[in-house]
Enquirer: 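Before I ask anything, here is the structure I am working with.
Each ligand, and each atom within it, is numbered from 1 in the order the structure gives. As a basis for the values below, the full set of heavy atoms in this structure was taken, side chains included, without hydrogen atoms, waters or symmetry mates.
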Amino acid sequence: MQVITVSEFGGPEVLKITEAPLPKPGPGEVLVRVLAAGVGPWDVTLRRGGWTGSLPYVPGGEFAGVVVGDTGADAALDDGTPVYGYPGLTGCYAQYVTCPVEQLAPIPEELSAIEAAAAPIDAITAEQGLTDVLATGPGDRVLITAGAGGLGHFAVQIARILGASVVATASPQHHEFLHRLGADTVIDHTKPDWPEQVRGVTDAETPDAQRVRWQQYNGQPSGTRLIHMAPWFDDESLVVILQARYDWQDAAEAHRVIERGHTQGKLVLVVDDDLAAGLGV
Ligand SMILES: NC(=O)c1ccc[n+]([C@@H]2O[C@H](COP(=O)([O-])OP(=O)(O)OC[C@H]3O[C@@H](n4cnc5c(N)ncnc54)[C@H](OP(=O)(O)O)[C@@H]3O)[C@@H](O)[C@H]2O)c1
């Protein structure tokens, strides 16, 4: 099969298409023929030297594709079933990938493969933060900084679905976009006084230090969370916004766009030639 590899750390130009053996699914893993792979800032961080495993490695942490053969049989996933998932931070810029069965899910009816590929990492991370970490519910008011990017645009929509009102921050060119996604108030984070503006619209005083809790977390791969979100994708209360899609041979260009730091929604690489031809990429 063909894969994109990073054999030395560096700029986007280090991404190269090479040949690699087909991965073999281990116990509890499904072999997937990849149709498309999402691109995010984590791909850039690893490519620049953040990857701590051995070189070369195959980038890409999220995919949409189809189950190959009987490898999904234990989970009643037939040959050819469309699935999407988050197998780990690498491996998805490839024609085939293996994924633990509990880290993937069937693609919801209303999502195309190309949209589905861009969802797993950021949708899971946003939903986990808003539910497990923040227990967001009706009547809450949530501030979502960097609301227009890959993670933020899911967080804004999911906070609304959970019944919260949303104050989001973004550069001016993304304000209308965020209102369309359901943000009640959007603040320009290019202005140095944006924190005061946030406090102004929420009528909030600077809280006492004892009342402020800082909790960092990482999104954990979870097919169960994807299944939980499927009805939202299907009734289109949650949509995947793609700023652009690229033939996977143009992965370097996608990385350059991510590096500029002002993506609206997500970027995706189309890995499957037939799909790419159908989409005109
Ligand atoms: N730990 C985890 O599990 C996990 C999972 C997913 C993502 N993340 C992290 O979350 C962060 C956001 O990811 P993303 O996918 O949304 O990135 P992205 O799609 O590349 O979007 C970048 C976002 O950053 C905003 N931004 C750029 N410069 C900024 C500045 N100076 N001040 C404030 N905001 C600024 C942009 O807003 P404007 O264009 O509106 O300026 C844009 O919304 C990244 O650091 C990513 O690695 C972590």
Side-chain angles (χ1 to χ4, degrees), residues 12 37-52 59-63 84-90 92 103 115 117-134 142-159 166-183 185-198 214-222 225-226 229 238-246 251-269:
V39 182
W42 53 87
D43 292 328
V44 169
T45 305
L46 299 185
R47 191 208 69 220
R48 286 176 171 165
W51 171 243
T52 54
E62 54 187 2
F63 70 82
Y84 66 145
Y86 172 11
L89 284 178
T90 58
C92 296
Q103 292 173 216
E115 293 166 328
I121 293 184
D122 285 328
I124 285 171
T125 304
E127 199 265 349
Q128 183 185 329
L130 287 161
T131 57
D132 292 12
V133 181
L134 290 173
V142 183
L143 169 66
I144 297 173
T145 56
L151 183 58
H153 93 292
F154 285 120
V156 168
Q157 296 176 80
I158 294 170
V166 172
V167 179
T169 76
S171 295
Q173 70 269 24
H174 298 312
H175 286 202
E176 194 193 324
F177 168 70
L178 280 169
H179 282 299
R180 279 205 308 274
L181 290 183
T185 306
V186 186
I187 306 267
D188 180 358
H189 63 204
T190 66
K191 295 278 193 310
D193 70 339
W194 71 263
E196 287 75 41
Q197 288 193 46
V198 170
W214 165 262
Q215 186 174 335
Q216 191 176 7
Y217 77 100
N218 287 316
Q220 299 301 318
S222 166
R225 284 193 194 278
L226 292 175
M229 288 187 275
L238 183 58
V239 295
V240 183
I241 302 293
L242 297 176
Q243 174 176 309
R245 54 200 186 203
Y246 298 85
E253 181 53 23
H255 276 220
R256 285 185 196 102
V257 173
I258 290 283
E259 285 176 344
R260 284 182 216 133
H262 295 287
T263 312
Q264 181 171 290
K266 294 271 312 204
L267 304 186
V268 73
L269 304 180

Enquirer: Return a yes/no value for Ala170: is any of its N or O atoms, backbone included, closer than 3.5 angstrom to an N or O of ligand 1?
Expert: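 N/O-N/O distance under 3.5 Å: no.
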
Enquirer: Do any N or O atoms from the side chain of Thr169 and from the backbone of Asp188 form a donor-acceptor pair under 3.5 angstrom?
Expert: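 Not a single qualifying donor-acceptor pair exists.
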
Enquirer: Find all atoms of ligand 1 within a distance of less than 4.0 Å from any non-hydrogen atom belonging to His174, and give their numbers and elements.
Expert: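 Per the distance check, 38 (P), 39 (O), 40 (O).
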
Enquirer: Apply side-chain hydrogen bond (donor to acceptor under 3.5 Å, both in side chains) to Gln215 and list each qualifying residue two or more places apart in sequence or on a separate chain.
Expert: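 Listed in chain order: Arg213.
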
Enquirer: With heavy-atom distances below 4.0 Å as the criterion, list the atoms of ligand 1 near Asp122.
Expert: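 The list of qualifying atoms is 6 (C), 7 (C), 15 (O).
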
Enquirer: Test your reading of the structure: does Gly150 have an N or O sitting under 3.5 Å from an N or O of ligand 1?
Expert: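 Between Gly150 and ligand 1 (N or O atoms, distance only) the closest approach is under 3.5 Å.
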
Enquirer: Is there side-chain contact between Thr190 and Pro172, with heavy atoms separated by less than 4.5 Å?
Expert: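 Side chain of Thr190 against side chain of Pro172, heavy atoms only: contact under 4.5 Å found.
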
Enquirer: Closest non-hydrogen protein atom to atom 13 (O) of ligand 1, residue and atom name please, with distance?
Expert: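 Answer, as residue, atom name and distance: Pro41 CG, 3.8 Å.
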
Enquirer: Within the structure, does Ile121 bring an N/O atom to less than 3.5 angstrom of an N/O atom in ligand 1?
Expert: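 For ligand 1, there is no N or O atom that lies under 3.5 Å from one belonging to Ile121.
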
Enquirer: Around atom 39 (O) of ligand 1, find the nearest protein heavy atom and jot down its residue, atom name and distance.
Expert: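 Going by distance alone, atom 39 (O) of ligand 1 is nearest to His262 ND1, 2.7 Å.
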
Enquirer: Around atom 35 (C) of ligand 1, find the nearest protein heavy atom and jot down its residue, atom name and distance.
Expert: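 Protein heavy atom at minimum distance: His189 CE1, 3.7 Å.
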
Enquirer: Do any N or O atoms from the side chain of Gln103 and from the backbone of Tyr86 form a donor-acceptor pair under 3.5 angstrom?
Expert: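 Answer holds: yes.
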
Enquirer: Heavy-atom distance under 4.5 Å between the side chains of Glu259 and Arg47, does that happen here?
Expert: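 Yes, at least one pair of side-chain atoms sits under 4.5 Å.
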
Enquirer: Should Glu253 and Arg256 count as an ion pair when the cut-off is N to O under 4.0 Å?
Expert: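 Judged by the 4.0 Å cut-off on N to carboxylate O distance, Glu253 and Arg256 do form a salt bridge.
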
Enquirer: Would Trp42 and Glu62 count as a side-chain contact (heavy atoms from CB on, under 4.5 Å) if you check the C-alpha gap in whole Å, the side-chain angles of each, and the deciding distance to 0.1 Å?
Expert: CA-CA 11 Å; Trp42 53 87; Glu62 54 187 2; 3.7 Å; yes

Enquirer: Take atom 5 (C) of ligand 1 and look for protein heavy atoms under 4.0 Å from it; say yes if you find one, no if not.
Expert: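 Protein heavy atoms within 4.0 Å of atom 5 (C) of ligand 1 - there is at least one.
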
Enquirer: With a cut-off of 4.0 Å, which atoms of ligand 1 are near a heavy atom of Gly219?
Expert: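 With Gly219 as reference, the close atoms of ligand 1 come out as 2 (C), 3 (O).
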
Enquirer: Got the closest protein heavy atom to atom 43 (O) of ligand 1, with its distance?
Expert: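 Scanning the protein heavy atoms, the shortest distance from atom 43 (O) of ligand 1 goes to Gly149 N, 3.0 Å.
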
Enquirer: Does the side chain of Arg225 reach to within under 4.5 Å of the side chain of Pro120, using non-hydrogen atoms?
Expert: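 The answer is no; the side chains never approach within 4.5 Å.
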
Enquirer: Can you find a protein heavy atom closer to atom 30 (C) of ligand 1 than 4.0 Å?
Expert: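 No; the ligand atom in question lacks any protein heavy-atom contact below 4.0 Å.
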
Enquirer: Ligand 1 versus Thr45, non-hydrogen atoms closer than 4.0 Å: side chain, backbone, both, neither?
Expert: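 None of Thr45 does.
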
Enquirer: For atom 45 (O) of ligand 1, is the nearest protein heavy atom closer than 4.0 Å?
Expert: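 No; the ligand atom in question lacks any protein heavy-atom contact below 4.0 Å.
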
Enquirer: Just to confirm my output: which protein heavy-atom neighbour is closest to atom 23 (C) of ligand 1, and how far is it?
Expert: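 For atom 23 (C) of ligand 1, the nearest protein heavy atom is Gly261 O, 3.8 Å.
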
Enquirer: Starting from atom 25 (C) of ligand 1, which protein heavy atom do you reach first, and at what distance in Å?
Expert: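 Residue, atom and distance for the closest contact: Ala146 CB, 3.7 Å.
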
Enquirer: Which is it for Leu151 and ligand 1 at heavy atoms under 4.0 Å: side chain, backbone, both or neither?
Expert: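 Looking at Leu151 and ligand 1, atoms from backbone and side chain both fall under 4.0 Å.
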
Enquirer: So, does Gln220 use its side chain to make a donor-acceptor pair with the main chain of Asn218 at under 3.5 Å?
Expert: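 Pair found, side chain donor or acceptor close to backbone of Asn218.
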
Enquirer: Compare all side-chain heavy atoms of Leu181 with those of Val239 and state whether any distance is below 4.5 angstrom.
Expert: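 Touching, per the 4.5 Å side-chain cut-off.
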
Enquirer: What residue and atom, counting heavy atoms only, is the protein's closest point to atom 1 (N) of ligand 1, and at what distance?
Expert: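 Protein heavy atom at minimum distance: Asn218 OD1, 2.8 Å.
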
Enquirer: Find out whether Trp194 and Thr145 are in side-chain contact, i.e. whether some heavy atom of one side chain is under 4.5 Å from a heavy atom of the other.
Expert: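 Yes. Closest side-chain heavy atoms under 4.5 Å.
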
Enquirer: Considering residues at least two apart in sequence or located in another chain, which fulfil the side-chain hydrogen bond (donor to acceptor under 3.5 Å, both in side chains) criterion with His174?
Expert: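 Checked His174 against side-chain hydrogen bond (donor to acceptor under 3.5 Å, both in side chains); matches are Gln264.
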
Enquirer: Nearest protein heavy atom to atom 40 (O) of ligand 1, by residue and atom, and its distance?
Expert: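 Answer for atom 40 (O) of ligand 1: Ser171 N, 2.8 Å.
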
Enquirer: Please indicate whether any nitrogen or oxygen in Trp42 is less than 3.5 Å from any nitrogen or oxygen in ligand 1.
Expert: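 N/O-N/O distance below 3.5 Å does not exist for this pair.
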
Enquirer: Looking at atom 17 (O) of ligand 1, would you say a protein heavy atom lies below 4.0 Å from it?
Expert: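 So atom 17 (O) of ligand 1 has protein heavy-atom neighbours under 4.0 Å.
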
Enquirer: Report yes if some heavy atom in the side chain of Val156 is under 4.5 Å from a heavy atom in the side chain of Leu178; otherwise report no.
Expert: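 Contact flag for Val156/Leu178 side chains = yes.
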
